[in-house]
2 protein chains.
Amino acid sequence: MSNIKALPLLEPETGSGPESVAPCCPPLTERPFTAEEAERTARMFKALGDPVRLRLFSAVASHAGGEACVCDISDVGVSQPTVSHHLKKLKEAGLLTSERRGTWVYYRVEPSVLASMGRLLTSE
Amino acid sequence: MSNIKALPLLEPETGSGPESVAPCCPPLTERPFTAEEAERTARMFKALGDPVRLRLFSAVASHAGGEACVCDISDVGVSQPTVSHHLKKLKEAGLLTSERRGTWVYYRVEPSVLASMGRLLTSE
DNA sequence: CATCTATGTTGACACATGTCGAATCAAAGC
DNA sequence: GCTTTGATTCGACATGTGTCAACATAGATG
């Protein structure tokens with residue numbers, strides 16, 4: 001499934017983790033992004049660029065305990081396979097992580113991501 | 001061109017302006033987004049979800065004087081019609097505005113946008 | 001083991017999107 | 001007016017994306 005052209009940006013520690021994570025680039029307003037920076041950063045924005053994914057992400061991010069079971073958030077108006085597909089996309093973009101505990105699979109927001117993306121947009 | 005289903009969110013003052021602007025939604029972490037909130041917000045993220053557009057946006061946002069002529073930023077590795085196409089998308093998403101002055105067309109970042117998007121991502 | 005429930009994967013399909021060359025428009029200068 | 005230069009629009013094409021039904025997998029429980 002990793003048809004994503006392996007970008008060695010952060011430490012690839014886990015080996016099974018998401019393809020990329022955030023702390024990569026200066027604020028968008030600091031200087032023009034290079035092609036590589038844009039490639040990396042666009043992946044995250046793109047992941048949030050779909051209404052269903054944005055709702056899923058928001059549902060996880062705002063859920064009590066910092067994590068949510070799929071069953072808690074899958075009421076977004078599309079079929080269950082489609083929910084699964086979008087959650088996978090969010091994982092591949094490095095925005096979410098998942099863990100199976102017993103019957104259910106729990107998703108949580110990759111901690112540093114929100115802050116990192118926020119920093120991209122804050123000229124300050 | 002306006003195949004976008006007219007969303008009456010901000011004051012449509014100008015009549016010729018972009019389709020939507022930012023100050024719409026609480027932080028992503030506050031509560032699950034509604035379908036409408038997601039629809040609106042995803043449009044902006046989607047606009048920044050392409051590497052070429054991200055470079056163009058960054059180039060404008062970081063340019064001296066707060067604005068840039070197309071000729072200043074069109075060196076992003078794609079043809080000039082494609083640059084124009086992406087700038088149009090950024091305009092339609094409400095992220096950029098454009099103005100022709102004599103021979104050249106200048107683009108600038110819609111002022112409130114960066115702060116608004118930043119606020120979406122800052123749990124604070 | 002059989003079965004049920006919760007998620008994920010596959011295959012297929014319609015539709016959106018990024019790209020380019022060619023044509024067009026807009027302003028400036030001859 | 002014609003020509004030149006900057007920028008957008010048009011038409012076409014290949015690729016990407018969101019969606020679902022059908023199938024597969026993982027645990028739990030009988």
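By convention in this document, chain letters (A, B, ...) are assigned in the order of the sequence lines, proteins followed by strands, and residues within each chain are numbered from 1. We use all heavy atoms of the structure for the numbers below, so side chains are in, but hydrogens, waters and symmetry mates are not.
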Does the structure place the NZ or CZ of B:Arg101 under 6.0 Å from the centre of the six-membered ring of B:Tyr106, at an angle of no more than 45° from the ring's axis?
yes

Donor on one side chain, acceptor on other, A:Thr97 and A:Lys91, under 3.5 Å:
no

Side-chain N or O of B:Thr82 less than 4.0 angstrom from OP1 or OP2 on C:dT19?
no

At under 4.0 Å, does any side-chain N or O of A:Lys88 touch on OP1 or OP2 of C:dG8?
no

Given D:dC20, D:dT9, C:dG18, identify the nucleotide with an atom nearest to the side chain of A:Val78.
D:dC20

Assess whether a salt bridge exists between B:Arg31 and B:Glu37, defined as any Lys/Arg side-chain N lying under 4.0 Å from an Asp/Glu carboxylate O.
yes

Closest to side chain of A:Arg53, choosing from D:dC20, D:dT8, D:dG18
D:dG18

Verify same cluster id: B:Tyr107, B:Trp104 (apolar side-chain graph, 4.5 Å):
no

Residue A:Cys69, side-chain heavy atoms: nucleotide from D:dC20, C:dT7, C:dG21 that is nearest
C:dT7

Check whether the side chain of A:Gln80 and the base of C:dG8 form a donor-acceptor pair under 3.5 Å.
yes

Report, one pair per line, the protein and nucleotides 28-30 of chain D atoms (nitrogen or oxygen only) whose separation is under 3.5 Å.
none

Nearest to side-chain heavy atoms of B:Ser84, which nucleotide of D:dA7, C:dG8, C:dT19:
D:dA7

Among C:dA6, C:dA27, D:dA21, find the nucleotide with the atom closest to the side chain of B:Arg100.
C:dA27

Please state whether the phosphate of D:dT17, meaning OP1 or OP2, lies under 4.0 angstrom from any side-chain nitrogen or oxygen of A:Lys89.
no

Does a nitrogen or oxygen in the side chain of B:Lys46 sit under 4.0 Å from OP1 or OP2 of D:dT17?
no

Just so I know, are the side chains of A:His63 and A:Asp72 near enough to count as touching, which here means a heavy-atom distance under 4.5 Å?
yes

Does A:Thr29 reach the main-chain N or O of B:Ala61 with its side chain, forming a donor-acceptor pair under 3.5 Å?
no

A:Trp104 side chain, from C-beta outward: closest of C:dT19, D:dA7, C:dT7:
C:dT7

Taking only the side-chain nitrogens and oxygens of B:Tyr106, find out if one of them lies under 4.0 Å from OP1 or OP2 of D:dG6.
no

Backbone N/O of A:Ala38 and side chain of B:Arg55: donor-acceptor pair under 3.5 Å:
no

With respect to the phosphate group of C:dT19, does any side-chain polar atom (N or O) of B:His86 fall under 4.0 Å of OP1 or OP2?
yes

